[in-house]
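Nothing fancy with the numbering, it's 1 onward along the sequence. Below, all heavy atoms of this structure are taken into account, side chains as well, without hydrogens, waters or symmetry copies. On a predicted model such as this, the values are computed, not experimentally measured, just so you know.
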Amino acid sequence: MNNGKLPAGGNYCCGIDIGGSGVKGAVVNMDTGEFVTERIKIETPQPATPVAVARTVAEIVDKLNWDGPVGICMPTVVKDQVARIAANIDSTWIGTNVHDLFTEHLPGRSIAVLNDADAAGLAEVAFGDEVVRTGTVLFLTFGTGIGSAFITDGTLFPNTELGHMIVGKKEAEHQASSAVRDREDLSYKQWATRVDKVLKEYERLFNPSAFVVGGGISRKSDKWVPFLTVDTPVVPAQLRNRAGIVGAAMAVAKHVTP
Ligand code: BGC
């Protein structure tokens, strides 16, 4: 199952998180959600075509010296293991059977593929704050795009894509992703005003019990969450940028495939 350096008898799976700028992976202890190997990151190949990305994934799994199950999450709707949308990845992903693609590059093992925000949400349910396991939670990731996962009493409703909801005149992620903050050089306060507008629209339509905010920028939540005026509580995610990898590993361990 592994390179012999992992403690024997453990319950491990490999998780891979495909992002707009990097593909990241590690082997995860499924009982604790901790990484049991280093985290390997390789820049996302450009163009990020299915074959180029699948090769990068295989390279990471090889570097991890791992020959067991692999869960993969990526920024697309994954329905019946077919990618359905490509906002921040190459358009040739649309219609690709991702299970077959990754199986071809990682033969002879279990593979599961799911949306990146759904994976991160699942990881927060298992290993994050109690707030994610109770009530109707809208889990959001702020990165290259905005990812969403609806979670009701710990159960995921997959593939929701709220980053593409029109808020005002534009898609939410075109005004309030963390990439937009970088691109437009916005202060945390300026950016928080945009996030607030998006959250108020989500609140108006979905009335969640809490927003849980993840993605790299959740690490700096003290810099922007205090500026939000939305009524619904906004809670930073606990697993931060580990969540995608852990959730992907969980998907293959638990055979969760939307
Ligand atoms: C994609 C989603 C993804 C989100 C975060 C959006 O552009 O359409 O599938 O979850 O970005 O990566």
Side-chain angles (χ1 to χ4, degrees), residues 13-30 32-35 39 41 44 57 70-78 83 85 87-89 98 112-134 136-152 154-164 172-173 176-179 195 198-199 202 208 210-221 225 234-254 256-258:
C13 281
C14 176
I16 303 279
D17 183 356
I18 299 170
S21 55
V23 182
K24 295 137 283 188
V27 178
V28 181
N29 178 334
M30 301 318 305
T32 63
E34 299 294 330
F35 291 172
R39 170 182 177 272
K41 176 175 178 178
T44 308
V57 169
V70 179
I72 299 161
C73 69
M74 55 183 301
T76 181
V77 168
V78 183
I85 168 173
N88 293 310
I89 46 168
V98 287
V113 189
L114 77 170
N115 172 263
D116 55 359
D118 285 346
L122 283 178
E124 293 289 338
V125 169
F127 303 109
D129 197 293
E130 180 60 32
V131 77
V132 193
R133 288 185 280 280
T134 14
T136 47
V137 170
L138 187 36
F139 173 79
L140 298 166
T141 61
F142 293 86
T144 310
I146 295 179
S148 60
F150 271 115
I151 300 164
T152 306
T155 302
L156 173 72
F157 180 121
N159 287 320
T160 49
E161 295 291 323
L162 289 198
H164 300 299
E173 75 174 29
S177 69
S178 116
V195 174
V198 167
L199 296 188
Y202 292 164
F211 290 113
V212 177
V213 291
I217 200 134
S218 61
R219 228 181 17 232
K220 311 249 174 75
S221 61
V225 170
V234 180
V235 182
Q238 299 287 298
L239 278 82
R240 302 182 171 167
N241 60 359
R242 229 165 20 102
I245 293 177
V246 174
M250 281 172 62
V252 73
K254 300 190 170 189
V256 180
T257 45

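Taking the side chain as every heavy atom from C-beta outward, Val57 and Ile72 approach each other to under 4.5 Å.
The salt bridge (charged side-chain N to carboxylate O under 4.0 Å, His left out) contacts involving residues 119-134 comprise Glu130-Arg133, where partners must be two or more places apart or lie in separate chains.
Thr152 OG1 to Leu138 CG: the interatomic distance, rounded to the nearest 0.5 Å, is 10.0 Å. Note that CD1 of Ile18 is 7.5 Å distant from SG of Cys73, once rounded to the nearest 0.5 Å. Atoms CG and OG1, from Asn159 and Thr76 in turn, are 8.0 Å apart once rounded to the nearest 0.5 Å. Here Phe127 contributes atom CZ and Asn29 contributes atom CG; the two are 7.5 Å apart, rounded to the nearest 0.5 Å.
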Under 3.5 Å, sequence neighbours excluded: what are the donor-acceptor pairs made by side chains of residues 139-149?
unit_1: Thr141; atom_1: OG1; unit_2: Gly147; atom_2: N; d: 3.2
unit_1: Ser148; atom_1: OG; unit_2: Thr160; atom_2: OG1; d: 2.8
unit_1: Ser148; atom_1: OG; unit_2: Glu161; atom_2: N; d: 3.2
unit_1: Ser148; atom_1: OG; unit_2: Leu162; atom_2: N; d: 2.9

N/O donor to acceptor pairs below 3.5 angstrom from side-chain atoms of residues 238-248, sequence neighbours left out:
unit_1: Arg242; atom_1: NH1; unit_2: Gly33; atom_2: O; d: 2.5

Report the C-alpha separation of Val70 and Val252 in whole Å, then their side-chain angles, then the decisive distance to 0.1 Å, and conclude whether the side-chain contact (heavy atoms from CB on, under 4.5 Å) test is met.
CA-CA 6 Å; Val70 179; Val252 73; 5.8 Å; no

Apply side-chain contact (heavy atoms from CB on, under 4.5 Å) to the pair Phe35 and Val27, showing each step before the final yes or no.
CA-CA 6 Å; Phe35 291 172; Val27 178; over 6 Å; no

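Listed by chain and residue number, Val131 satisfy the side-chain contact (heavy atoms from CB on, under 4.5 Å) test with Ala210 (two or more places apart in sequence, or in another chain). Remark: Ala126 engages Met250 in a side-chain contact (heavy atoms from CB on, under 4.5 Å) (not counting sequence neighbours). Judged as a ring-ring contact (aromatic ring centres under 6.0 Å, His included), and not counting sequence neighbours, the contacts of Phe150 are Phe206.
Shortest non-hydrogen contact noted between Leu114 and Ala251 is CD2-CB, 3.7 Å. Of all the heavy atoms in Val198 and Ala176, the pair that sits closest is CG2-CB, 4.0 Å. The heavy-atom pair separating Val77 from Asn115 by the smallest distance is N-ND2, 4.4 Å. Residues Pro236 and Ser218 come closest through the heavy atom pair CB-O, 4.2 Å. Between Val234 and Val225, the shortest heavy-atom contact is O-CG1, 4.0 Å. Between Ile85 and Ile89, the shortest heavy-atom contact is O-CD1, 4.3 Å.
Exactly one residue among Ile151, Val125, Val132 makes a side-chain contact (heavy atoms from CB on, under 4.5 Å) with Val212. That residue is Val132.
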